[in-house]
Number of protein chains: 2
Amino acid sequence: MTKTSKKKATIYDLSVLSGSSPSTVSAVLNGTWQKRRIKESTAALIRDLAETHQYTANRQARGLRSSRSGLIGLLLPVHDNRYFSSMAQTFEAHVRSKGQCPIVVSASRDPEEERKTAETLISYSIDELFICGATDPDGVHEVCETVGLKHINIDLPGTKVPSVISDNYEGGRMLTEAIIRRFPADQPLRPDELYLFGGRDDHASRERIRGFRAVKRELLGEDPDGCIQPTGYAPNNARLAFEAFYEKHGKLPRGVFINSSINFEGLLRFMAGHPHENFADLTVGCYDYDPFASFLPFPVIMIRQDVEGMITKAFEVIEEGRPQPRIHLISPELVQPRTALTGPLDALKDFG
Amino acid sequence: MTKTSKKKATIYDLSVLSGSSPSTVSAVLNGTWQKRRIKESTAALIRDLAETHQYTANRQARGLRSSRSGLIGLLLPVHDNRYFSSMAQTFEAHVRSKGQCPIVVSASRDPEEERKTAETLISYSIDELFICGATDPDGVHEVCETVGLKHINIDLPGTKVPSVISDNYEGGRMLTEAIIRRFPADQPLRPDELYLFGGRDDHASRERIRGFRAVKRELLGEDPDGCIQPTGYAPNNARLAFEAFYEKHGKLPRGVFINSSINFEGLLRFMAGHPHENFADLTVGCYDYDPFASFLPFPVIMIRQDVEGMITKAFEVIEEGRPQPRIHLISPELVQPRTALTGPLDALKDFG
DNA sequence: CTTGTTTGCACAATCGATGGTGCAAAGACT
DNA sequence: AGTCTTTGCACCATCGATTGTGCAAACAAG
């Protein structure tokens, strides 16, 4: 190896090699050289040297000077979930296409951790922060605000800055209606046969529940309170709720609206505990999309949220000068049972 | 707001406020103050000020000086996949517990993009890099090596530095055997009824295929070449392979070994195109775990790779001084049909 | 009271890139 | 030839934290 530098080349190295000053090297390599009236030939020489020595600017130094880092943060509840990981994927694509670098972290839906994590990101001088699915978006907002960091909410809205979220009310309506219509006219669903499980007291759950209840009232005439079982987001709580229902009624409801795929896993856990039940007359609607769930042995109607649409919108809004703290709704999509949609995975290249 | 600083407090701000020098403030706040013989009372005063002014060190400045950033990189093929996103989740937990900050990026399995992305991370002076599932780990190695960056391979091995990977051979064997044993003695699987779909010419696929073929030979006596269909990782290629088989034979193989959940989605797409088939005599083994897939209307045996084990091992190995470029195998786990395992999602807190 | 030691801290250089300013040399113009 | 303008670049301060060094004041020993 001739060029085993072992340490990265700096503008000072290149300035010695080229016989020009560090500032000239810097200007050439960051594109401001025309403004500084550097001769084309000097620039070419320096670019050449940079190339052969594999120079790349030290982002920490640049960031320190310019108080920008080129990092854009995304704060998630968790990574290992289809919805949020596809947020990460889409977010990364957008950020990279702007020539910046994504930094994606998770905070377990814990308000305290959300703030702490935001502070960590801030200590790296990130340029913008996308707050996705946070339990306390306004808490994170405070942290951002004191250092003048641009930020925006996704998935769950806050009140201080703009929010881009799914149209949960409409999605809830669509899904509820699809469940109801799935039953044949001679064996229609009764109001007390359609339950909602999962979710908690956040904006998304509330809106979905509102849509659910509205459609129930419109199509089934009634909407008993007892049919709403907000069990939180933990899969095991959902499992317990199904278990309890089953204990009491000896079966599951004929129609089940599940608030998210995480809660849906609770249903699976319940089913694993009842291997001999075949749950013949069960229709599930789930507010999330997963291709495998779509092919389960009972009809599963799903909602796919428009992640690409939300991220795109969020970038548009955050670029605005003084955006109002309003809520931007993005329409989700209804997915019929046994549907295998394509996704970002299809962008995977096959090499080798 | 009394304390709307609008810009972050620095050690200089605190030094003025406390009447001591910046270096004293720095020493107090980064823990080296005992070594510098700072009075306890001075330290207390400064800590107090730091608290009330919400001081946090500028990581870019610190990193510039110390040529370390506190960032640890993870390079993935993609985010939106259960396996890799759970890598991200586990990785993040480990990194944060060491008081550092994770930076997770994806490079689409593209060797060029892998190197470029590594270079970007390097420009941020990351302290270590975990290379997960890379198509060209040794290419990334070159990039790391020239700047003296510690790195390690996960999931797919390289030849230059240590690699921590799944025991794909054993996993392949376990899964194949489980598929075969799933068939009753009076209707045993014939060698030409057990196919493998998906994967390509990488270490993981090769090992799984090797295990598959070995077990087939041992248990079924034969192992025809035609039963191996490495379709790459793209779901659509897998779909086409299933389609082609179905065209030719009018049915699917009775036993199918699928190389990954991504390829499994190809099977779903195929099935979506044949809504009236019920695929009664089909048993699938999939080298990945997904709870929904586990409950599909046909038996699905799955392999869950020990992500926690791999990450833990990788951190152990990378801390070693001069680790040898050997391969560390981590045993995966067989998951019977209709099993809902708990996962990192269960760590989600319910607040609100 | 003098000399030696310890305590407690300030000073200043440094990391690498940026950008304002200044100033010679080259060219234009009278 | 003398003045004015433009060209081309070097110099230097700066961003914020770290760290080696130096040096007074406080204290101890003789």
Practice task
Quick one: do B:Leu156 and B:Ile165 satisfy side-chain contact (heavy atoms from CB on, under 4.5 Å)? Show the steps, please.
Solution key: CA-CA 6 Å; B:Leu156 283 177; B:Ile165 66 175; 5.8 Å; no
Exercise for the section: Decide yes or no on salt bridge (charged side-chain N to carboxylate O under 4.0 Å, His left out) for A:Glu40 and A:Arg47, but give the supporting numbers first. Expected result: CA-CA 10 Å; A:Glu40 168 59 41; A:Arg47 274 194 301 260; 3.0 Å; yes
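Only one option out of B:Lys150, B:Arg59, B:Arg68 pairs with B:Asp127 in a salt bridge (charged side-chain N to carboxylate O under 4.0 Å, His left out); it is B:Arg68.
Looking at B:Tyr83 and B:Asp155, their side chains come closer than 4.5 Å, going by heavy atoms from C-beta outward.
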Fill in the blank from the handout: With B for base contact, S for sugar-phosphate-only contact and - for none (protein heavy atoms under 4.0 Å), nucleotides 5-18 of chain D reads --BBBBB-BBBBBB
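In summary, the aromatic rings of B:Phe315 and B:Phe130 are positioned with their centroids under 6.0 Å apart.
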